[in-house]
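Input: a single structure, listed below in structure tokens.
Values reported hereafter were calculated over all heavy atoms of this structure, with side chains retained and with hydrogens, waters and symmetry mates removed.
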Amino acid sequence: KDIIGLEESLQLLLQPEEMIGDNQYRCSKCQKLSDALRGTIFVKIPPVLTFQFHRFDFNYATMARVKINSSFSFPMSLNMSKYFESDSEDLYDLYAVMIHSGGANGGHYYAYIKDFVSNRWYVFNDQDVKEIEETQVLSAFGGSIGETNRPSAGGNAYMVVYRNSRMLDENFDPQKPRAGMIHKFLQDEVESLNETYRKEKEEFEWRKSLIHLQFLYPAPGASEKSSKTHMISIPKYKSLREATITVRDALCEEVPEDCIRLRGYDKLTNEKTTAFTGKYEESLDSLGCFSGQILFVETKAPEETFSEVESDTRINISVVKWNPIAKNLENEAKVISIPPNSPVVHLKKKVASIYDIPPSEIRLFTLNTETMAVTEFCNPESPLAHAMTVYCEQGPKDGASLIKEKFESDQYLIDIRYNRIGERLADQNISIDKREPVQLLKERISDSINVPVDNFMLCNNMLAKKQYKDLSLTLEESKIFDGSVVYVCPGEPLCKGEYLLKCYFLPEDYMFVDQSQTTKPQELCVLKVNEASTPDELSALLLSKDGIESARDIIEKIKEKQERKEYCIRWREKRGNRPGKVLLSSGSLLSTFSGTLQDDFELFIQILNSPNDPVDSNEKVLLHAIRWNSSSWSTDKKKFEIVIPTNSCVRDAKEYLSHQCGIPIESVQLVKSPPKIQEVVNNCPISIAVLNWNTPEHISLTKSPWYLKNGDNILFRDSRDPEKEEIDPELRDALLADGIEESIYIRTEYDDQELC
């Protein structure tokens, strides 16, 4: 930490230690104590030097690993003759710097390396390599960030490598190290590995060049349909002539070279295609041959001639015919092979001969699969393209097209999977127009499973049972798309705006800070309500129910207290096991919980010992105040409610607490309570004591940086109370550095579930 750089560090390393006084040296021979010097000396230095810096340490005050980011310089040229006895000057040049960026518990590594030949520096950062200036290398010394266990934005050197400058004379070749620089056994091993690599590379390149061709060869005197398939592997740089000879040898046929030829083969039409005329000296690669391609082997007698081929290339058109009886397209397409650039009229003649239909009654269509637009071939001279799919229909040209109607309908048709009641697997399928309402989908499923529509729910999730309530919406508006799954669940379906709410009784002892002393919230019943329901309507509906058997006594108790005018009922959002937002007497479920209202929404019912609820508008917030006792480093057993305007600041809360607890306002100190306050108090109460209790009085309670919400906790104390014990300043700083800073805490969804 306190060393400037590498050269100073080497001097300190070689500085001898005096062993005198109580630290005298004991001779191993005479067993007598005597004054001595102990130290390190360099006898011989290798041509390459590697220095690792002590960047990582352990802080025993915080019991954590830390990284030392302080500056530590290193020279571009290091004169090692200053550190040991040498006959000549030993200069070493810096040529590699390893960088670490981040903290003690993680980070990233990269390197700066100097090229042997060009003397230029490069940064090697994972897959990225680029040239850099020498000034960037010098920036890796580090800075005055100090000791930390947190990642820093930049990086600093933790290892440097030097090489002897005598290695770099005019005759030095980095690719051919001098004799003696590398041990012979290493050279032999490297050469052996290189030879293995060369052989494997040659074999790999050979295998990479191979293509695997299938070829059909009919037995002598047999028909072409009885041809058997054979397979050969041949380098793609071989010529077609060489491939033909290889095929002949593989077949073990004694056929003259000019009596055998290879032809293309179309497995869709089972027809021979190109004869590769004039292309026998071209390579298989240039002819476009590929692995798995099928070629046909033709042979002839010496006195015979090969038959002429119409064209070296043909195009295949797939024709799908409309079946008027089934009122649908046929499943199998007919593949018709025709010369390239053939007009539609040529294809119509072929279709007419296959299906025995007059050409004048044939109508041909194409489908754009992206736009699902259907186009009819009206011009008989329109060209055709290879691999095109054409749809065929018999009928008058001016009449309506059944094929067009089908495709126009199909572009809106989607397939939906669903389950049967009592089964989890969605193995049933239904096709329906996505423009239809959800009501029609439900009716069709009802007919399929033979269950009335009012006896089951249609949900988009089996476990959560989130229902499709607005059945007037279309499938597309309800986000039901092609391939979607809807779940059929038993039960009474809900209409739009209806919800199932779970009601819980908030026990009177919920105000205990230690939640282990509180009673578990009791579930009362499940209510079917409308989103416009008010607290009075919810109370009336609750009291008209018997509830679950274990909660009937509680409901009777609520009825009894409501009849007495000195009590009132408060409804609150249930967030885990803690109460949250209050449902105002003038509000509704939708207006209060518009962003979170859903099925199985949970509410607390709370009995107040007052005729009116102090939380009577959205301009007020309900908080829980917990008193901290500095003299015992503990909290009061119970917290209490405070209701103040939402625009209140820390000063307003202090005035409220001063009036409530009888503490002078200048002695009231306030902080935001950390999550799981009782756990913190039990395990590390000092972390509460060292908080910054002098919170600025202008800070807003419900805005940045506190963002308090209904049901949140605040801590307060009387500054006149003596501290239990004096706090070590270093320990205070260590605790604050570990995250307990300025009494500001970040809330998470997990905290909402677990906070007391």
Side-chain angles (χ1 to χ4, degrees), residues 511 513 572-573 575 578-582 584 592 595 613-631 633 635-636 638-677 680-681 685-723 727 729 732-749 751-752 755-756:
M511 297 300 286
V513 176
R572 299 182 68 176
E573 176 188 7
R575 298 189 310 195
R578 58 192 292 266
K581 197 171 186 178
V582 176
L584 303 177
T592 306
D613 190 345
V615 185
D616 53 10
S617 76
N618 287 322
E619 303 302 319
K620 293 183 179 180
V621 62
L622 189 156
L623 303 174
H624 295 146
I626 303 174
R627 182 164 183 170
W628 171 257
N629 301 303
S630 300
S631 57
W633 283 2
T635 62
D636 284 355
K638 283 190 175 184
K639 49 190 173 183
F640 57 89
E641 293 182 353
I642 64 172
V643 179
I644 57 178
T646 55
N647 60 356
S648 298
C649 60
V650 170
R651 174 72 182 183
D652 300 323
K654 284 184 176 182
E655 291 177 355
Y656 188 102
L657 293 169
S658 173
H659 179 266
Q660 188 81 6
C661 303
I663 305 173
I665 189 170
E666 63 273 7
S667 299
V668 177
Q669 293 183 321
L670 192 68
V671 294
K672 182 180 179 181
S673 173
K676 302 181 182 179
I677 177 64
V680 176
V681 171
I686 191 174
S687 64
I688 304 295
V690 301
L691 288 174
N692 179 15
W693 288 88
N694 296 316
T695 307
E697 294 188 340
H698 69 276
I699 288 181
S700 173
L701 298 179
T702 59
K703 297 179 182 178
S704 175
W706 280 18
Y707 292 112
L708 293 178
K709 299 187 296 185
N710 281 284
D712 285 348
N713 297 329
I714 57 173
L715 279 175
F716 73 97
R717 73 175 184 181
D718 188 341
S719 62
R720 298 172 299 175
D721 291 347
E723 200 68 58
I727 302 173
R732 176 192 296 271
D733 294 341
L735 289 169
L736 290 175
D738 201 32
I740 308 174
E741 300 174 356
E742 302 299 326
S743 67
I744 296 174
Y745 294 86
I746 299 174
R747 178 191 302 281
T748 66
E749 182 179 341
D751 295 329
D752 282 341
L755 274 173
C756 298

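- Under the side chain to side chain contact (heavy atoms under 4.5 Å, CB included) criterion, Ile626 pairs with Val513, Thr635, Lys639, Ile677, Asn713, Leu715, sequence neighbours left out.
- Residues Pro645 and Glu619 fail the side-chain proximity criterion, which asks for heavy atoms closer than 4.5 Å.
- Under the side chain to side chain donor-acceptor pair (under 3.5 Å) criterion, Asp636 pairs with Asn629, sequence neighbours left out.
- Below 30°, between 30° and 60°, or above 60°: for Trp693 and Trp628 the angle between ring planes is below 30°, a parallel geometry.
- Here the side chains of Val582 and Asp613 are in contact, with some heavy-atom distance below 4.5 Å.
- When all heavy atoms are compared, the tightest approach of Ala625 to Phe716 is CB-CE2, 4.0 Å.
- Proximity of Pro696 to Val650: side-chain heavy atoms (C-beta onward) are nowhere separated by under 4.5 Å.
- Evaluation of the salt bridge (charged side-chain N to carboxylate O under 4.0 Å, His left out) rule for Glu697 yields Arg651, Lys654 as partners, not counting sequence neighbours.
- For Pro722, the side chain to side chain contact (heavy atoms under 4.5 Å, CB included) partners at least two apart in sequence or on another chain are Ser631.
- Taking the side chain to side chain contact (heavy atoms under 4.5 Å, CB included) definition, one finds that Asp616 meets it with Lys620, sequence neighbours left out.
- Of the options Lys672, Arg578, Lys581, a salt bridge (Lys or Arg N to Asp or Glu O under 4.0 Å) to Asp712 is made by Arg578 and by none of the others.
- Residues satisfying the side chain to side chain donor-acceptor pair (under 3.5 Å) criterion with Asp718, sequence neighbours excluded, are Arg720.
- In terms of the side chain to side chain donor-acceptor pair (under 3.5 Å) criterion, residue partners of Glu641 (sequence neighbours excluded) are, by chain and number, Tyr510, Arg570, Gln606.
- For the atom pair CG of Asn618 and CG of Leu584, the computed distance is 5.0 Å after rounding to the nearest 0.5 Å.
- Contact of the Ile688 side chain with the Trp633 side chain is not registered, since no non-hydrogen atoms from C-beta on lie closer than 4.5 Å.
- Considering CD1 of Ile699 and SG of Cys649, their distance stands at 9.5 Å, rounded to 0.5 Å.
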Would you give me the side-chain donor-acceptor pairs under 3.5 Å for residues 663-671, sequence neighbours excluded?
unit_1 : atom_1 : unit_2 : atom_2 : d
Gln669 : OE1    : Arg717 : NE     : 2.7
Gln669 : OE1    : Arg717 : NH2    : 3.0
Gln669 : NE2    : Asn694 : OD1    : 3.0

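- Every side chain to side chain contact (heavy atoms under 4.5 Å, CB included) that Val621 has, sequence neighbours left out, goes to Leu623, Ile644, Thr646, Thr702, Asn710.
- Across every non-hydrogen atom of His624 and Pro579, the tightest pair is CE1-CG, 4.3 Å.
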